[in-house]
There are 2 protein chains.
Amino acid sequence: MTTRGRGLHGHVLETLGPAITAGEYPPGSVLRTDELAQRFEVSRSVMREAVRVLESMHLVESRRRVGVTVRPKAEWNVYDPEVIRWRLAGADRPHQLRSLTVLRSAVEPVAAGLAARHATAEQCAELTECALGMVATSRGHQLEAYLVHDIAFHRVILCASGNEMFARLGDVVAEVLAGRTHHEVMFEDPDPAAVTLHVQVAEAVREGDAARAEQLTREITVGALQELDILAP
Amino acid sequence: MTTRGRGLHGHVLETLGPAITAGEYPPGSVLRTDELAQRFEVSRSVMREAVRVLESMHLVESRRRVGVTVRPKAEWNVYDPEVIRWRLAGADRPHQLRSLTVLRSAVEPVAAGLAARHATAEQCAELTECALGMVATSRGHQLEAYLVHDIAFHRVILCASGNEMFARLGDVVAEVLAGRTHHEVMFEDPDPAAVTLHVQVAEAVREGDAARAEQLTREITVGALQELDILAP
DNA sequence: CCGAACAAAAAGTCAGACTTATACGTCACA
DNA sequence: TGTGACGTATAAGTCTGACTTTTTGTTCGG
């Protein structure tokens with residue numbers, strides 16, 4: 001089904017984007033607009049719009065007389081949510097998941113520290129609610145319900161940090177957490193220690209204890225990293 | 001002059017993008033493709049390509065029967081290099097610079113720690129070279145030359161971390177450092193303590209001392225944050 | 001062996017006609 | 001007066017075909 005309602009060019013993107021990010025067309029590969037238009041059975045105008053979008057993501061480069069060439073992975077806009085989604089849906093999902101988890105481990109502790117300074121009363125309340133929700137669903141194979149609260153918790157932290165760059169990572173973190181629950185191991189209930197840490201982070205933020213919030217969040221992310229190391233040491 | 005060689009739609013973007021990110025069109029504003037095409041004296045096809053790109057950056061949303069509506073700031077793809085460039089060139093440059101510096105303070109220490117583990121011999125050599133270059137140009141109003149080495153240094157650290165998400169922040173850090181030198185205060189020579197820290201980070205990475213590399217880099221970024229706090233407490 | 005002119009290829013641009021979805025106003029009916 | 005169905009105007013979406021421009025690679029003359 002994917003994302004529909006974005007017109008024909010959206011449909012083309014949903015096919016071409018994942019194909020490119022999956023490495024189906026190695027860097028340097030040359031595509032031709034007319035040929036692609038034929039393949040996808042769309043007009044050249046529609047195809048051109050799709051190529052423009054891929055170009056803005058730095059996935060390809062369009063040059064006269066040569067065609068649309070695929071750029072090397074190192075130049076891709078890897079922070080583009082679409083690109084992240086495509087890569088997570090593709091073959092190097094594990095690799096992408098690791099990269100994002102490392103990013104989390106860098107960003108979230110600092111975000112938590114800032115949240116302790118800037119969080120509004122409402123945000124503190126939300127945070128506590130999320131933490132309690134996590135506790136309530138942490139046992140008895142309620143993984144989906146737990147995940148919802150977990151995602152909400154981290155989203156609130158990132159938003160409450162007051163930094164727009166951090167706030168926009170909410171979707172990324174959500175993807176990582178969802179990915180861990182759905183596709184990686186996670187047969188059993190969440191680690192009780194992790195649940196406790198979340199509760200304590202909520203406390204620290206509420207009390208405005210930045211250093212403690214940061215340290216506790218660091219422990220959470222260390223745990224997330226360790227999970228990955230167990231999977232692929 | 002800007003970025004030329006990207007065709008007409010690129011020219012449109014260079015005008016519309018900065019206008020939108022500068023808040024010239026408040027969220028919810030409605031633009032019409034035909035009207036814009038007339039204003040920029042381009043065909044509708046070209047205008048549509050530009051709109052598609054803005055749409056992929058989540059700056060606008062195009063809906064039938066309504067037009068092209070500007071999305072709220074909170075939904076923008078603030079990690080898109082173009083968006084960052086536009087915002088840095090605009091009115092809320094100070095705000096953007098703060099956000100990015102905070103991001104740096106979260107990412108760079110972790111990146112340095114990883115670099116200490118993963119850096120190749122060649123990367124270590126580059127790092128040392130950069131640090132020496134910084135020392136050599138740290139006195140006598142050679143700000144531009146110093147900046148070049150400073151940027152190169154941080155770029156190597158981010159790349160050597162081995163994390164693609166970190167590596168892609170090289171351009172962002174370059175912008176921040178360049179912005180600080182060019183538009184903010186920086187009449188006098190760089191802080192000698194900061195220069196020393198860079199040399200020590202290079203050492204720590206070379207020796208594979210992750211904890212020390214991380215800690216020293218943290219001190220560098222704390223310094224960068226303090227600079228901003230002095231400017232706007 | 002090298003440089004300049006030339007030809008071909010592919011993207012880029014434009015104009016116009018047509019299609020489609022949908023917000024909004026209208027009107028009948030409860 | 002409120003509510004729902006219906007019709008219409010609007011702006012985006014799509015397609016097509018012709019034309020322009022840039023660039024690569026080849027060929028020819030020095």
Side-chain angles (χ1 to χ4, degrees), chain A residues 1-17 19-20 25-72 75-76 82, chain B residues 1-17 19-20 25-72 75-76 82:
Chain A
M1 201 67 59
T2 70
T3 311
R4 196 50 44 84
R6 273 170 55 213
L8 287 184
H9 95 283
H11 175 245
V12 172
L13 283 175
E14 286 301 323
T15 309
L16 251 191
I20 293 174
Y25 304 92
S29 303
V30 177
L31 311 171
R32 268 159 305 156
T33 310
D34 294 21
E35 184 186 298
L36 290 174
Q38 276 193 7
R39 170 134 60 94
F40 289 100
E41 297 179 312
V42 296
S43 68
R44 290 198 316 282
S45 8
V46 167
M47 200 49 184
R48 286 180 55 74
E49 289 171 24
V51 168
R52 284 283 179 257
V53 172
L54 293 175
E55 202 176 22
S56 89
M57 295 169 171
H58 281 70
L59 293 183
V60 303
E61 189 183 1
S62 181
R63 275 168 53 199
R64 275 183 151 126
R65 172 59 165 92
V66 49
V68 179
T69 65
V70 178
R71 303 180 85 154
E75 296 176 12
W76 296 349
E82 295 277 287
Chain B
M1 206 68 55
T2 70
T3 311
R4 197 48 45 84
R6 272 169 57 214
L8 286 186
H9 95 283
H11 175 246
V12 172
L13 282 175
E14 286 302 322
T15 308
L16 251 191
I20 294 174
Y25 305 92
S29 304
V30 177
L31 311 171
R32 267 158 305 154
T33 311
D34 294 21
E35 183 187 298
L36 290 174
Q38 276 192 9
R39 169 134 61 95
F40 289 100
E41 296 179 312
V42 295
S43 67
R44 290 200 315 287
S45 2
V46 167
M47 198 57 204
R48 286 180 56 74
E49 289 170 24
V51 168
R52 284 282 179 256
V53 172
L54 293 175
E55 202 176 22
S56 89
M57 295 168 172
H58 281 70
L59 294 184
V60 302
E61 190 183 0
S62 180
R63 276 166 56 200
R64 273 186 152 126
R65 174 49 210 260
V66 170
V68 179
T69 65
V70 178
R71 303 180 86 156
E75 295 176 13
W76 297 349
E82 295 275 285

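Proteins come first, then strands; the chains are lettered A, B, ... in the order of their sequence lines, and each starts at number 1.
A:S62 comes within 4.0 angstrom of sugar-phosphate atoms only, judged by non-hydrogen atoms across all strands, and of no base.
Taking atom CG of A:L36 as the reference point, atom C1' of C:dA10 lies 13 Å away to the nearest angstrom. Separating the CG atom of A:L8 from the P atom of C:dC18 is a distance of 20 Å, rounded to the nearest angstrom. Taking atom CD of residue A:E35 and atom C1' of nucleotide C:dA9, one finds them 14 Å apart after rounding to whole Å. Taking atom CG of residue B:D34 and atom P of nucleotide D:dG13, one finds them 11 Å apart after rounding to whole Å. In this structure, B:Q38 atom CD and C:dA15 atom C1' are separated by 13 Å, rounded to whole Å. For the pair A:M47 CE and C:dA10 C1', the interatomic distance rounds to 14 Å; values are reported in whole Å. Remark: P of C:dT13 and CD of B:E49 are 7 Å apart, rounded to the nearest angstrom. Atom CG of A:L31 and atom C1' of C:dA9 are 16 Å apart (whole Å).
Residue A:R71 qualifies as enclosed at atom CZ: its count of foreign heavy atoms under 6.0 Å is above 12. Under a cut-off of 6.0 angstrom, the local environment of CD in B:Q38 is sparse, with at most 12 non-hydrogen atoms contributed by other residues, nucleotides or ligands.
No donor-acceptor contact under 3.5 angstrom links the side chains of B:S45 and A:S45, judged on distance only.
For A:S43, whose side chain is taken as the heavy atoms from C-beta onward, the closest listed nucleotide among D:dT16, D:dA11, D:dG13 is D:dT16. The B:R44 side chain lies nearest to C:dG16 when the options are C:dA11, C:dG16, D:dA12. When distances run from any side-chain atom of B:V42 to the nucleotides C:dC14, C:dT13, C:dG12, the shortest one goes to C:dC14.
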Subject >> Check against side-chain contact (heavy atoms from CB on, under 4.5 Å), B:V68 and B:E55 >> reply: CA-CA 9 Å; B:V68 179; B:E55 202 176 22; over 6 Å; no

**OP:** I would like to know whether A:R52 and A:E61 meet salt bridge (Lys or Arg N to Asp or Glu O under 4.0 Å); could you show each step before the answer?
**Re:** CA-CA 9 Å; A:R52 284 283 179 257; A:E61 189 183 1; over 6 Å; no

List, with names and distances, any nitrogen or oxygen atoms from the protein found under 3.5 Å away from nitrogen or oxygen atoms belonging to nucleotides 22-28 of chain D.
residue, atom, partner, partner atom, Å
D:dT24, OP1, A:R63, NH2, 3.1
D:dT24, O2, A:R65, NH2, 3.3

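Mapping B:E41 and A:R32 onto DNA chain C by nearest heavy atom places A:R32 at the nucleotide closer to the 5' end.
A heavy-atom distance below 4.5 Å is found between the side chains of B:Y25 and B:L16. Taking the side chain as every heavy atom from C-beta outward, A:L54 and A:L13 approach each other to under 4.5 Å.
Side-chain N/O atoms of B:T33 include one lying less than 4.0 angstrom from OP1 or OP2 on D:dA12. Side-chain nitrogen and oxygen atoms of A:R52 include at least one within less than 4.0 Å of the OP1 or OP2 phosphate oxygen of C:dG12.
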